[in-house]
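This report refers to the structure that appears directly beneath it.
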Amino acid sequence: MSLIKPIESKEDYKNYVDIKTPNSPILKNCFNAFWVGGLICSIGQIIFGICKGRGMDDTTCYTIVSIILIFCSAFLTALNIFNKIGKFAGAGSLVPITGFANSIVSPAMEYKSEGYIMGVGAKMFTIAGPVLVYGISSSIIVGLIYIILNTQSITLI
């Protein structure tokens, strides 16, 4: 004879889930996401300031900041440090460029044992692939809408 009461209704199931699900510390998670994301952005701003102080133009500074942040994110992912930061900071560590680099490197590291072609090459974009597809598709659609709405400003030669 079992001492566990069977779940007979949706209400019973909801109560069971509420009992078993741990409470999430929302304020603590938001605070951690805020300061870690801010720290990543501040590091990017410091790199930008150093580049600007060396006399580089804005475009070059932005490029260097992007390259350094992508490299650091990929390197920390390879060392399994970025995943620990992600567990601690949540969405704060997913500042777009660092999160995207992590989403490319993580599957590549995971499937490395399957070889460079079928492992790394094929699995590298499993997470980032849909982001690329929908990002590129939506930018094309928005561009076409822009062209259609601004046909008066386009002059054909």
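Everything numeric here is computed off the predicted structure, so don't read it as measured data.
Nearest heavy atom pair, residue I97 against residue S66, reads CD1-CB, 3.6 Å. Between C51 and I64, the closest heavy-atom pair is SG-CG2, 3.6 Å. The two atoms that bring I40 and S93 nearest to each other are CD1-CA, 4.0 Å, heavy atoms only.
By the rule that hydrophobic residues join a cluster once side-chain heavy atoms approach within less than 4.5 Å of another member, I50 and I70 end up as members of separate clusters. F71 and M56 fall within the same hydrophobic cluster, defined by Ile, Leu, Val, Met, Phe, Trp and Tyr side-chain heavy atoms under 4.5 Å apart, directly or through other members. Under the 4.5 Å side-chain heavy-atom criterion for Ile, Leu, Val, Met, Phe, Trp and Tyr, L39 and F34 are members of distinct hydrophobic clusters. No continuous path of ILVMFWY side-chain contacts below 4.5 Å connects I46 to F75, so the two sit in separate hydrophobic clusters. When hydrophobic clusters are built by joining Ile, Leu, Val, Met, Phe, Trp and Tyr residues whose side-chain heavy atoms come closer than 4.5 Å, directly or via intermediates, I67 is not grouped with I43.
Inter-residue side-chain proximity for F82 and T98 is flagged as met; some heavy-atom pair is nearer than 4.5 Å. Residues Q45 and F48 are in side-chain contact: their nearest non-hydrogen atoms beyond the backbone lie under 4.5 Å apart. S24 has its side chain within reach of N29: a pair of non-hydrogen atoms, C-beta onward, lies under 4.5 Å apart.
The structure places CD1 of I145 at 12.0 Å from CD1 of I140, a figure rounded to the nearest 0.5 Å. We find the OH-CG distance between Y62 and D57 to be 10.0 Å, quoted to the nearest 0.5 Å. Between the CD1 atom of I19 and the NZ atom of K14 there is a distance of 10.5 Å, given to the nearest 0.5 Å.
Environment of CZ in F88: crowded, with over 12 heavy atoms of neighbouring residues, nucleotides or ligands closer than 6.0 Å.
Using modelled atom types, no side-chain atom of S73 and backbone atom of L69 make a donor-acceptor pair closer than 3.5 Å.
Counting only N and O atoms by type, the side chains of N102 and T77 include a donor and acceptor under 3.5 Å apart.
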Could you check N83 against K87 for side-chain contact (heavy atoms from CB on, under 4.5 Å), going step by step and ending with a plain yes or no? CA-CA 6 Å; N83 295 334; K87 285 182 182 177; 5.6 Å; no
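We find that D58 and K52 are joined by a salt bridge, their nearest charged nitrogen and carboxylate oxygen being less than 4.0 Å apart.
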